[in-house]
Structures are given as structure tokens and as C-alpha cells.
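Because the structure is predicted, anything quoted here is derived from the model rather than measured.
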Amino acid sequence: MRILLFGTGDYYQKYKKWFAPEEIDVLIDNDKCKQGSQMDGHEVVSPEAAAEREFDCIVILSVHEASMREQLVGLGIPEEKIYKFSELHRHPEILNCEDEIVCYGEDDFFAKMTAGMLSDTIVLMSHNLDLNGAALALFYGAQVLKAQGYSVLFVSWTDGPLRKYIRRCDIPVVIDAAMQIKTQSERKWLCGFRMVICNTINYYQFLSKRDENVKVLWWLHDPVIFYESLDLDQLRRISEKNITVCAVGPVAERAFKTYFPSWKVRQLLYGIPDINYQPGSRWNMEIVTIGNVQDYKGQDILVEAFKQLPQEALEKVHVSIIGSQQSAYATAVREAAKGVEQIAFLQAVDRAEIHKVLEWANLLVCPSRADCMPVVVCEAMQHGLPCIVSDATGTAAYINDGVDGFVVKAGDAVHLSDRLFWCITHPKELASMGKKARLVYERHFSMKGFEGNWLCMIRDIFKEIENDKKG
């Protein structure tokens with residue numbers, strides 16, 4: 001088997017373990033800076049060079065699957081030889097499957113689990129243990145449940161830095177990579193639990209074939225762009241029976257309803273633990289945007305907006321674009337920012353460093369083309385920091401434009417530039433706006449509000465479980 005993998009970014013890192021290294025011929029990437037280099041012992045080539053090779057299939061490992069498929073077809077590659085990551089379950093012949101389950105907890109926990117002795121334990125499932133917003137939201141939910149006396153288990157496809165925080169709370173963790181490409185029915189060790197919480201649309205495949213007697217809470221955090229690369233046939237196999245669907249705001253709900261218009265969706269905003277907030281003066285005009293530099297995050301729109309500012313405004317400001325820059329898109333954004341000395345690109349930082357950044361910044365900008373409820377916006381408001389968000393960002397629904405922040409039209413650099421100019425030229429009014437932004441956090445994203453909604457939902461599901469037993 002000769003396999004070509006198209007994409008060397010986040011999705012490559014997530015899925016590369018499913019391919020035998022000796023069967024990977026080359027990696028493909030559109031980024032000219034990567035072409036000709038080596039990654040994991042494989043040469044990185046252009047799509048044009050890949051099209052000239054002999055191979056059995058090309059697997060696209062990217063959220064931009066549609067455009068990449070069109071590119072390959074345009075190079076003369078037959079469609080039947082092009083697979084996407086969400087369809088790997090259809091092609092077991094190319095997979096190097098490992099069935100290893102790693103458990104972090106008490107010595108006898110795994111034995112009890114596989115013996116079905118923990119049926120009342122609530123299983124919380126994240127697709128990774130990175131320090132991203134969705135995984136953190138689920139972790140905070142796990143903490144609330146444990147504090148209320150519930151038995152909880154945290155499960156993930158992949159390990160990551162969040163595990164150490166989970167284990168500090170004495171919550172057991174299971175890493176089961178096979179859940180990335182298999183269904184609930186195929187993971188027999190899960191059969192003994194009565195309630196499962198699945199986080200994000202990534203669990204659609206897992207839920208497509210399951211024990212429908214198990215209660216499921218499906219918490220969605222995903223914009224519609226994330227649905228475009230899914231296996232829609234598999235998605236639509238999911239049964240409504242015993243599933244409660246929740247969305248973290250209107251953007252996530254609309255995305256799900258695009259594919260399931262008749263399903264009932266409940267709103268469930270996350271909460272984030274408070275900080276020791278002490279309002280103070282910020283003397284310099286420091287503007288930040290925080291998030292991996294990817295197309296849907298819209299950093300190119302921010303760069304274009306700054307380039308439209310008059311020179312006298314630019315001279316008063318410094319801009320930091322903070323986040324992973326491993327994509328071809330990031331390279332293009334850096335190129336577009338050349339000549340604007342006020343813009344600096346900084347690599348991703350951990351949560352503690354993010355809070356330090358928010359302590360000295362004056363304004364956070366979230367110019368996303370699609371973003372359900374970015375945690376960093378809530379953290380900024382927690383610090384008394386006003387935010388400019390696009391109307392494609394779920395947080396926009398909770399911001400009063402011009403009062404406690406600004407909402408701009410997604411993709412509109414002119415509109416964004418206009419609001420930036422106002423912020424730069426009205427520093428005192430901007431500071432006052434920040435105090436009101438803090439109230440948005442307290443009203444909508446505090447742990448107190450989240451705890452009440454979260455526990456109410458969990459208790460409702462447990463009541464259903466008890467009624468099912470009596471029935």
C-alpha cells in the first residue's frame with residue numbers, strides 16, 4: 001500500500017498514528033516553505049509533484065477538504081483515490097489500528113470499569129486534552145460534578161497538558177485513540193455506563209452506532225465550517241433517542257440545525273473560574289488577538305484593517321497576533337503584514353501567559369469568520385478588557401455594541417478599521433467600556449451561572465434514568 005497524506009498541520013498530527021510509516025510515500029502541502037523539507041522521516045512535496053507519483057490513495061487531513069479535493073481533481077487525480085479523514089472508518093484496509101487503552105487513576109479503576117461496576121459514573125468525553133476552550137469547558141463541568149458528589153471519568157482520544165489538571169482534581173482519565181474512528185458500539189468497555197457526555201461535533205461518528213439505552217448529553221461548540229468536512233451520511237445516522245443536544249450559543253445551534261432542523265437544541269453556555277480582578281490603568285495602546293492563525297479565525301482581516309488606519313493612529317498602537325503559525329494561511333498573513341512595524345506575531349502561549357497578556361492589553365480583537373464562543377473573549381472581559389468581535393462570533397449575542405464592546409460585520413476590514421480608529425483615539429472612553437465588559441462576564445460566563453444550568457441538566461437526565469428503571 002502506497003499512501004500520500006495531504007496536509008501537515010493539526011489534522012496530520014491528530015491522524016498520522018493511523019498509518020503505518022512504511023506505507024506513507026510522501027506528505028503533501030501547499031506551503032512552499034515546507035516543500036522539500038522532511039517531517040517524521042517523510043519528504044514534503046507540492047500537490048503537482050504528488051500527482052506525478054504512483055500511489056494507491058491520497059488522504060486529505062485538513063478542515064479545508066473540499067477545496068483541496070477540487071485542487072487534486074484539477075491535477076487529474078481520480079476522485080475514487082481521494083479519501084478524507086472523516087471517512088477513514090470506510091477504509092480499514094489502509095489503517096494501522098492500535099487498540100491500546102491507557103488509564104490514569106486508582107490501580108483497580110480500570111478493572112472495575114471493564115467489569116461494569118461503575119454504571120453510575122458520568123463519562124465526559126473530549127476529543128483531545130489540549131488547553132482549548134471546548135476541552136476546558138468540559139473540564140470545568142467535570143469539576144462541578146465532582147464537587148457535587150458525582151462519580152466522574154474523563155475520556156479523550158489523545159493525551160495532552162490538560163490531563164495533569166484533571167488528575168490534580170482526583171478525576172480518573174482514559175485515553176482511547178480508537179474512539180477517533182470507531183463507534184460507541186465498537187468500544188465494548190463503555191457498555192457499563194448509563195450516561196455519557198460527548199463534547200463537540202467530533203463525536204458524531206462515535207454516536208452514529210450506539211446503545212440507545214445509554215443517555216447522552218451532546219455539547220456542541222462548533223461553527224458550520226467544521227461540518228463541511230464531515231461524513232454527512234454517517235452524521236445523519238445518529239438517532240434522537242436518549243440524546244440531549246446542547247449548544248454553546250446561537251452560532252453553534254445554527255450550525256447543528258443546518259443539518260438537523262427538526263432536533264430540539266438547548267442553550268448551555270460554559271463558565272470560567274474568576275480571577276482576582278483589580279481594575280487599573282493601562283497606559284499604552286496595546287491591542288491583541290489570540291488564537292491559532294487559521295483562516296476561520298480571520299487574522300488577515302485584522303491585518304487589512306490596520307493597514308487602512310491613518311499613520312497618526314498607527315503610531316499610537318502596538319498589535320500582537322498570538323497563536324500557532326503552522327499553516328500556509330499563517331505564512332500569507334505574515335507576508336501581508338510586512339511593512340506594518342506595529343504588528344508583531346508571537347507563538348502560542350499557555351493559559352497562565354494568556355492571563356498575563358490580558359492584564360497589560362487595552363483591547364482584544366476577535367475577527368473570526370466563524371467562531372462559536374471563544375474562551376479568550378470571555379477571559380478578556382473577565383479582566384475588564386473591551387473586545388471587538390465579529391457578528392459571526394457567538395459572543396456577539398451578549399455584547400451591547402458601543403456600550404460594553406463592539407460588534408463588526410464578519411469579513412469587513414473597513415468596518416473593523418473604523419472601530420479600531422475609534423478605540424485608538426478614545427482611550428478614556430475605551431477604559432470605561434472595559435468596566436462594563438466585566439459585567440458581561442459576570443452576567444453570562446461566571447461559574448455561578450454555569451453551575452446552576454449544568455447541574456439542572458444533569459439532574460434532569462438522571463431523573464430520566466431513574467424513571468427508566470421503574471418503567
Side-chain angles (χ1 to χ4, degrees), residues 31 64 223 225 251 282-325 327-348 357-358 360-371 374 376-377 380-381 385-397 399-434 437:
D31 188 347
H64 303 293
I225 189 176
V251 173
R282 294 175 168 95
W283 299 105
N284 300 316
M285 182 53 68
E286 295 281 353
I287 300 177
V288 299
T289 185
I290 302 174
N292 291 341
V293 185
Q294 297 174 319
D295 181 72
Y296 80 93
K297 287 289 187 180
Q299 289 93 344
D300 62 309
I301 303 166
L302 178 61
V303 169
E304 182 58 33
F306 270 100
K307 290 168 73 172
Q308 294 179 22
L309 289 170
Q311 187 62 33
E312 61 270 22
L314 275 175
E315 291 173 354
K316 297 178 181 178
V317 68
H318 182 265
V319 186
S320 296
I321 296 177
I322 303 172
S324 174
Q325 299 161 38
S327 63
Y329 168 79
T331 302
V333 173
R334 288 196 304 269
E335 186 66 27
K338 282 185 177 179
V340 186
E341 61 183 24
Q342 291 84 3
I343 298 178
F345 288 83
L346 306 175
Q347 287 297 328
V357 169
L358 296 175
W360 53 252
N362 300 82
L363 175 70
L364 181 128
V365 181
C366 180
S368 298
R369 292 181 168 88
D371 218 338
V376 72
V377 174
M381 293 189 292
L385 198 64
C387 302
I388 301 177
V389 303
S390 77
D391 59 6
T393 301
T395 325
I399 291 177
N400 298 298
D401 186 40
V403 178
D404 44 35
F406 289 106
V407 178
V408 297
K409 186 176 180 180
D412 191 334
V414 174
H415 193 190
L416 177 55
S417 185
D418 178 67
R419 290 294 179 263
L420 288 169
F421 182 78
W422 186 93
C423 293
I424 294 167
T425 55
H426 294 80
K428 291 183 179 180
E429 292 88 341
L430 186 67
S432 177
M433 186 178 286

Contacts satisfying salt bridge (charged side-chain N to carboxylate O under 4.0 Å, His left out) that involve residues 402-413 (not counting sequence neighbours) are none
With D295, which residues qualify under side chain to side chain contact (heavy atoms under 4.5 Å, CB included), at least two apart? H64, Y329, R369
Is there any side chain to side chain donor-acceptor pair (under 3.5 Å) pair reaching into residues 312-323, and which pairs are they, with sequence neighbours excluded? E286-H318
List for me each residue that meets side chain to side chain contact (heavy atoms under 4.5 Å, CB included) alongside A437, sequence neighbours excluded, and say none if there are none. M381
Contacts satisfying ring pair (Phe, Tyr, Trp, His ring centres under 6.0 Å) that involve residues 288-313 (not counting sequence neighbours) are F226-Y296
Among all residues two or more places apart in sequence or in another chain, which pass the side chain to side chain contact (heavy atoms under 4.5 Å, CB included) test with S324? N292, Q326
Mind jotting down which residue pairs meet the ring pair (Phe, Tyr, Trp, His ring centres under 6.0 Å) criterion with at least one end in residues 401-420? Sequence neighbours excluded, please. F406-W422
Residues passing the side chain to side chain contact (heavy atoms under 4.5 Å, CB included) test with A337, sequence neighbours excluded, are V303, I343, F345
Distance-only, no hydrogens or angles: does the S417 side chain make a donor-acceptor pair with backbone N or O of A413 under 3.5 Å? no
State whether the number of non-hydrogen atoms from other residues, nucleotides or ligands found under 6.0 Å of Q347 atom CD is greater than 12. yes
Tell me every residue that passes side chain to side chain donor-acceptor pair (under 3.5 Å) with D391, counting only those two or more places apart in sequence or in another chain. none
Could you tell me if the side chain of I290 sits less than 4.5 Å from the side chain of L358, heavy atoms only? yes
Please enumerate all residues that pass side chain to side chain donor-acceptor pair (under 3.5 Å) together with K338, with sequence neighbours excluded. E335
Of all residues at least two apart in sequence or in a different chain, which pass the side chain to side chain donor-acceptor pair (under 3.5 Å) check with S390? T393
Those residues at least two apart in sequence (or on a different chain) that pass side chain to side chain donor-acceptor pair (under 3.5 Å) with E304 are Q308
